[in-house]
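These numbers come from a predicted model, not from an experiment.
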Amino acid sequence: MKKQSGILVDTTLCVGCMSCEEACADRWGFPKTDVHELTCEKNTVVQQYGDTYVPRLCMHCEDPTCASVCPVGALHKTAEGPVVYDADKCIGCRYCMQACPFQIPKYQWNKANPKVTKCDMCFDRQQEGKQPACVEACPAQARIFGCRDDLIEIARKRVGDNPGGYVHHVFGTTEIGGTSTMYLAGVDFPKLGFPSNLPKRALPQYTMDIMEKIPDYFVWGSTMMAGFWWLTNRKKKVAEYERDMKRDRSQDDTHENNQ
């Protein structure tokens with residue numbers, strides 16, 4: 001079994017240089033802006049809360065809700081750790097955006113053929129033996145990349161070695177079943193914009209508990225989702241057929257006029 005990779009973010013070390021934002025933009029081919037909010041053209045940002053800078057990116061949940069609600073499997077958790085997205089499968093339902101407890105996935109509203117965008121922990125770079133671009137670019141080493149289990153040990157050691165400098169919790173170790181992006185902080189996490197009411201169990205488990213008790217609804221819901229997928233693809237095929245018919249009629253008319 002592969003050991004999952006992860007990223008440990010130590011907010012006490014972040015200096016707010018925005019090097020991670022620039023590296024991420026280069027990796028994705030996004031424009032570089034001064035807007036420090038996650039958007040469809042920004043997969044990692046650094047936000048300031050008082051004297052603390054907080055890097056934001058996908059949390060890469062151990063049991064991701066975004067993947068569990070996707071009716072066509074456009075999102076999935078890899079064995080290596082990252083939650084990745086397949087744009088070719090996406091039907092634009094945006095259920096992932098509604099389901100994510102961290103409000104990470106964004107939608108390309110301004111595109112003719114819009115897709116969802118999110119951090120994938122530079123999965124392609126990982127497969128080449130490289131670190132995520134944001135980690136590699138950080139001059140203060142506020143982000144560390146490695147095996148998730150090792151990162152948890154590193155985080156706990158930092159807290160133990162400096163108990164007055166850190167909140168005695170590593171955010172992401174227990175929240176909603178655990179995440180592959182984890183945080184250390186010197187002030188309470190809610191003061192840094194982190195949700196404070198997250199359960200310890202992964203959110204998809206609550207759904208499965210309900211579905212097990214009402215299997216008929218589970219079958220009905222699955223059938224409905226499959227129906228949505230079929231209808232979407234059927235509309236595409238009909239549109240393609242109509243375009244082909246119009247093109248053929250146009251060619252026939254041109255041929256007749258030439259005769």
Measure from NZ or CZ of Arg56 to the centre of the six-membered ring of Tyr49 and say whether it is under 6.0 Å with the direction within 45° of the ring axis.
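Here Arg56 fails the 6.0 Å and 45° test against Tyr49.
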Applying the 4.5 Å side-chain criterion to the ILVMFWY set and letting contacts propagate, would [X] and [Y] be lumped into a single cluster?
X: Val170; Y: Ile144; value: yes
X: Val159; Y: Met182; value: yes
X: Tyr183; Y: Leu13; value: no
X: Ile7; Y: Phe189; value: yes
X: Val54; Y: Val45; value: yes

Provide the closest heavy-atom pair for [X] versus [Y] in the form atom of the first, atom of the second, distance.
X: Val83; Y: His60; answer: N-ND1, 2.9 Å
X: Thr12; Y: Gly186; answer: CG2-N, 3.7 Å
X: Cys40; Y: Lys106; answer: N-CB, 3.7 Å
X: Ala185; Y: Leu192; answer: CB-CD1, 3.6 Å
X: Ile176; Y: Cys61; answer: CD1-SG, 3.6 Å

Neighbour count >12 (heavy atoms, 6.0 Å) for atom [atom1], [X]:
X: Gln127; atom1: CD; result: yes
X: Lys32; atom1: NZ; result: yes
X: Gln103; atom1: CD; result: no

When you measure from the side chain of [X] to the backbone of [Y], do you find a donor-acceptor pair of N or O atoms at a distance under 3.5 Å?
X: Tyr107; Y: Thr39; answer: no
X: His76; Y: Ala67; answer: no
X: Arg94; Y: Gly92; answer: yes
X: Ser5; Y: Glu80; answer: yes
X: Glu175; Y: Gly172; answer: yes
X: Gln108; Y: Lys115; answer: yes
X: Thr78; Y: Gly81; answer: yes
X: Gln126; Y: Met121; answer: yes
X: Gln131; Y: Ala133; answer: no

Anything under 30° is parallel, anything over 60° is perpendicular, the rest tilted; go ahead and classify Trp28 against Phe30.
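Rings of Trp28 and Phe30: parallel, under 30°.
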Any idea how Phe194 and Phe171 line up, ring-wise: parallel (<30°), tilted (30 to 60°), or perpendicular (>60°)?
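Tilted.
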Could you measure the distance from the [atom1] atom of [X] to the [atom2] atom of [Y]? Nearest 0.5 Å is fine.
X: Asp120; Y: Cys58; atom1: CG; atom2: SG; value: 9.0 Å
X: Cys138; Y: Met18; atom1: SG; atom2: CE; value: 11.5 Å
X: Tyr85; Y: Thr117; atom1: OH; atom2: OG1; value: 8.5 Å
X: Asp51; Y: Thr11; atom1: CG; atom2: OG1; value: 12.0 Å
X: Leu184; Y: Cys14; atom1: CG; atom2: SG; value: 13.0 Å
X: Gln48; Y: Thr52; atom1: CD; atom2: OG1; value: 8.5 Å

For the residue pair Glu37 and Gln47, confirm or rule out a side-chain donor-acceptor distance under 3.5 Å.
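Result is yes, a qualifying pair exists.
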Tyr166 and Asp10: side chain donor to acceptor below 3.5 Å
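Yes.
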Partner residues of Asp161 under the side chain to side chain donor-acceptor pair (under 3.5 Å) criterion, sequence neighbours left out:
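Scan of Asp161 (side chain to side chain donor-acceptor pair (under 3.5 Å), adjacent residues dropped) gives Lys157.
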Do Glu62 and Lys77 meet the salt-bridge criterion of a basic N to acidic O distance under 4.0 Å?
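A salt bridge links Lys77 with Glu62.
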Determine, for Glu21 against Lys42, whether the closest basic-nitrogen to carboxylate-oxygen distance falls under 4.0 angstrom.
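Yes, this pair counts.
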Please walk me through it: do Arg27 and Asp124 pass salt bridge (charged side-chain N to carboxylate O under 4.0 Å, His left out)?
CA-CA 10 Å; Arg27 187 271 196 207; Asp124 56 341; 2.7 Å; yes
Please enumerate all residues that pass side-chain contact (heavy atoms from CB on, under 4.5 Å) together with Thr44, with sequence neighbours excluded.
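Here the qualifying residues are Cys24, Leu57, Arg143.
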Given side chains that start at C-beta, do those of Val46 and Cys20 come closer than 4.5 Å, heavy atoms only?
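The answer is yes; the side chains approach within 4.5 Å.
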